[in-house]
Amino acid sequence: MRFKNKKLLLGLVALLALCLSACSQKSTKSGDNLPSAKTILTKAQKANYNSMHATWNEKNNGKTLQKAAVQYTSKPTIVYANVSATSNHYKMWVEGKNSYIQMKGTNRDHWFKTTAKAGTYSSFIQSLNGNLLTPFIPLHKQFKVKRNGNNYALIYKGNNKKVWNAIVSDAAVTTLIGIDIDDVKPINTEIQVDVDKNYNVNDVKIASSYKDDGQKKTLTMNVDQIDQIKKLSIPSTVKKNSVDLGKIGKK
């Protein structure tokens with residue numbers, strides 16, 4: 001009886017070892033099936049999104065130097081921006097060629113209407129709408145890919161200056177928040193791009209610390225609420241009460 005029990009025990013141990021080996025091989029195989037960072041970046045930047053929300057914040061020693069929040073819809077194309085800096089604060093609506101701007105200051109309650117040439121904000125809109133990732137494609141080897149449930153997470157951590165330059169050269173950053181990259185030394189940058197299994201972007205998170213003129217600063221940027229904003233429209237009071245600068249200039 002003891003001999004039979006011993007054989008049974010050995011059999012169970014062997015079966016357990018076989019199961020563990022199979023699980024290990026399955027895990028390895030799943031990891032091998034991860035798409036490359038280049039594939040994710042290339043396919044994600046081609047996607048078209050109907051709406052999104054984005055925020056930027058640049059700080060120095062914990063004090064905000066400039067920040068911005070933007071909402072965007074493509075059907076119809078409307079952009080709302082709320083931008084603050086140490087020297088000014090303005091709100092802006094963009095619809096087609098028309099822009100409505102409210103500067104916080106002496107004319108705090110007045111909105112001004114301007115008409116811009118077509119394409120003035122096209123680079124900004126295109127950058128938000130997928131092309132935000134385009135500057136990272138040549139740097140795809142700097143990113144790692146991980147599973148995030150049934151989706152994928154594209155992750156970068158480091159202080160590569162080319163990655164930093166890709167961030168601040170993007171129209172989505174420079175149009176609203178201007179950062180002079182001369183003499184800037186990146187300290188650390190973290191990027192996470194979450195995409196679904198079809199490579200549609202769920203959200204983008206960027207956090208960078210750097211030295212500028214000997215001072216440590218940080219920049220955070222988040223893009224989220226993708227295709228979740230159902231409707232965005234300029235308030236009727238803004239359109240009705242805005243002062244048309246184009247007409248003033250013709251008088």
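Quick note: numbers below take in every heavy atom, side chains included, and nothing from hydrogens, waters or symmetry partners. Counting begins at 1 with the first residue of the sequence.
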Are Leu65 and Tyr210 connected, step by step, through hydrophobic side chains (Ile, Leu, Val, Met, Phe, Trp, Tyr) whose heavy atoms are closer than 4.5 Å?
-> no
Stepwise side chain to side chain contact (heavy atoms under 4.5 Å, CB included) check, Ser209 with Lys216 | CA-CA 7 Å; Ser209 60; Lys216 183 178 179 180; 4.1 Å; yes
Treat each ILVMFWY residue as a node, draw an edge where side-chain heavy atoms are under 4.5 Å apart, and state whether Leu34 and Leu133 are in one component.
-> yes
Mind checking side-chain hydrogen bond (donor to acceptor under 3.5 Å, both in side chains) for Lys205 and listing every partner two or more places apart, or none if nothing turns up?
-> Asp203
Hey, does Val204 have a side-chain heavy atom less than 4.5 Å from the side chain of Met221?
-> no
Determine, stepwise, if the pair Leu219 / Ile206 fulfils side chain to side chain contact (heavy atoms under 4.5 Å, CB included).
-> CA-CA 8 Å; Leu219 171 69; Ile206 298 175; 5.9 Å; no
May I ask whether Ile101 and Val79 are part of the same hydrophobic cluster, defined by side-chain heavy atoms of I, L, V, M, F, W, Y residues being less than 4.5 angstrom apart, directly or through others?
-> yes
For Pro135 and Leu139, which heavy atoms make the closest approach, and how far apart are they?
-> O-CD1, 4.0 Å
Interatomic distance, Asn50 atom CG to Leu232 atom CG [nearest 0.5 angstrom] | 12.5 Å
Would you confirm whether Asn60, through its side chain, and Lys217, through its main-chain N or O, come within 3.5 Å as a donor-acceptor pair?
-> no
Supply the atom-to-atom distance Lys97 NZ to Glu95 CD, rounded to the nearest 0.5 angstrom.
-> 13.5 Å
What are the two closest non-hydrogen atoms of Ala153 and Gln192, and how far apart are they?
-> CB-NE2, 4.1 Å
For Asn150, does the CG atom have more than 12 heavy-atom neighbours from other residues, nucleotides or ligands under 6.0 Å away?
-> no
Could you check Tyr72, Tyr80, Tyr100 and say which one makes a ring-ring contact (aromatic ring centres under 6.0 Å, His included) with Trp93?
-> Tyr80
Nearest heavy-atom pair of Gln228 and Ser51: which atoms, and what distance?
-> N-OG, 3.3 Å
For Phe136 and Ile167, run side chain to side chain contact (heavy atoms under 4.5 Å, CB included): C-alpha distance rounded to whole Å, both residues' side-chain angles, the deciding distance at 0.1 Å, then the answer.
-> CA-CA 8 Å; Phe136 299 125; Ile167 294 171; 3.7 Å; yes
If we only count heavy atoms from C-beta on, is the Arg147 to Tyr152 side-chain gap below 4.5 Å?
-> yes
Shared ILVMFWY cluster between Ile229 and Val223, side chains joined below 4.5 angstrom?
-> no
Side chains of Val195 and Val193: closer than 4.5 Å at any heavy-atom pair?
-> yes
When every non-hydrogen atom of Ala37 is compared with those of Val145, the smallest separation belongs to N-CG2, 3.6 Å
Could you check whether the rings of Phe143 and Tyr156 sit parallel, tilted or perpendicular, using 30° and 60° as the cut-offs?
-> tilted
Is a donor on one side and an acceptor on the other found under 3.5 Å between the side chain of Asp213 and the backbone of Gln215?
-> no
Taking atom NZ of Lys38 as the centre, report whether more than 12 heavy atoms of other residues, nucleotides or ligands fall under 6.0 Å from it.
-> no
Looking just at side-chain N and O atoms, do Asn82 and His89 make a donor-acceptor pair shorter than 3.5 Å?
-> yes
Could you go through the side chain to side chain contact (heavy atoms under 4.5 Å, CB included) check for Thr55 and Asn57 one step at a time?
-> CA-CA 7 Å; Thr55 59; Asn57 198 338; over 6 Å; no
With distance as the sole test, does Asn200 use its side chain to make a donor-acceptor pair with the main-chain N or O of Asp196 at under 3.5 Å?
-> no
Quick one: CH2 on Trp56 to OG1 on Thr64, what's the gap to the nearest 0.5 Å?
-> 15.0 Å
Rounding to 0.5 Å, atoms CG (Asn148) and CG (Leu154) come to a distance of 11.5 Å
Answer with yes or no whether the hydrophobic clustering places Leu41 together with Tyr199; edges join I, L, V, M, F, W, Y residues whose side-chain heavy atoms lie under 4.5 Å apart.
-> yes
To the nearest 0.5 Å, atom CG of Asn159 lies from atom CG of Asn188 at 7.0 Å
Between Tyr49 (side chain) and Val201 (backbone), is there a donor-acceptor pair under 3.5 Å?
-> yes
Trp111 side chain reached by Lys239 side chain, heavy atoms, under 4.5 Å = no
What's the spacing between Glu58 CD and Asp212 CG if we round to 0.5 Å?
-> 7.5 Å
